[in-house]
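To start, the structure under review is shown below, and the notes come after it.
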Amino acid sequence: MNGSNVVRDERTLAVENASFRWAYFFTTYGLLAAVAYRAFALKESSWDLLALVIASGALTTGYQGLHKVLTRRWVVSALVATLAAIVVAALAVISTRPA
């Protein structure tokens, strides 16, 4: 190492954060695609991969909540999405129940 300092300004941080965001989206939606493929094409249970998707979302939400950057609108949107997911899951369970 030559001892020179690396200059990091706001633009550098914004570009890094944007790259992390794209990587997170790629990984999350890739996992969701793998879950869908395993469930529909292979008829396999894919709770392990789905748990990774849910855990990563919970981790980022928890971190942002801890640092108080979540807005009231975000919280309402998250609650509506969660309730919708619960309703869809309940309907899926009811519709696949043997008669």
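Note that the numbering runs from 1 along the sequence shown for the chain. Since we're looking at a predicted model, the values are computed, not measured.
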For residues 67-77, please give each side-chain donor-acceptor pair under 3.5 Å, one per line with the distance, not counting sequence neighbours.
{"residue": "T71", "atom": "OG1", "partner": "W74", "partner atom": "N", "Å": "3.2"}
{"residue": "S77", "atom": "OG", "partner": "R73", "partner atom": "O", "Å": "3.0"}

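One finds the CG atom of L50 at 4.0 Å from the CD1 atom of I54 (value rounded to the nearest 0.5 Å).
Between L52 and T27, the closest side-chain pair of non-hydrogen atoms is not below 4.5 Å. Side-chain atoms of D48 and R38, non-hydrogen and from C-beta on, do get closer than 4.5 Å to each other. Looking at heavy atoms from C-beta onward, Y29 lies out of side-chain contact with V53 at the 4.5 angstrom threshold.
Dense packing is recorded around OH of Y24, with more than 12 heavy atoms of other residues, nucleotides or ligands lying under 6.0 Å away.
Annotation: side-chain hydrogen bond (donor to acceptor under 3.5 Å, both in side chains) contacts involving residues 14-23, sequence neighbours excluded, comprise R8-E16.
The two residues A92 and S95 make their nearest non-hydrogen contact at O-OG, 3.1 Å.
Residue L32 is not grouped with residue F26 when hydrophobic side chains (ILVMFWY) are merged at heavy-atom distances under 4.5 angstrom, including chains of intermediate members. In the hydrophobic clustering of this structure, F25 groups with L49; members are Ile, Leu, Val, Met, Phe, Trp, Tyr whose side-chain heavy atoms approach within less than 4.5 Å, directly or through other members.
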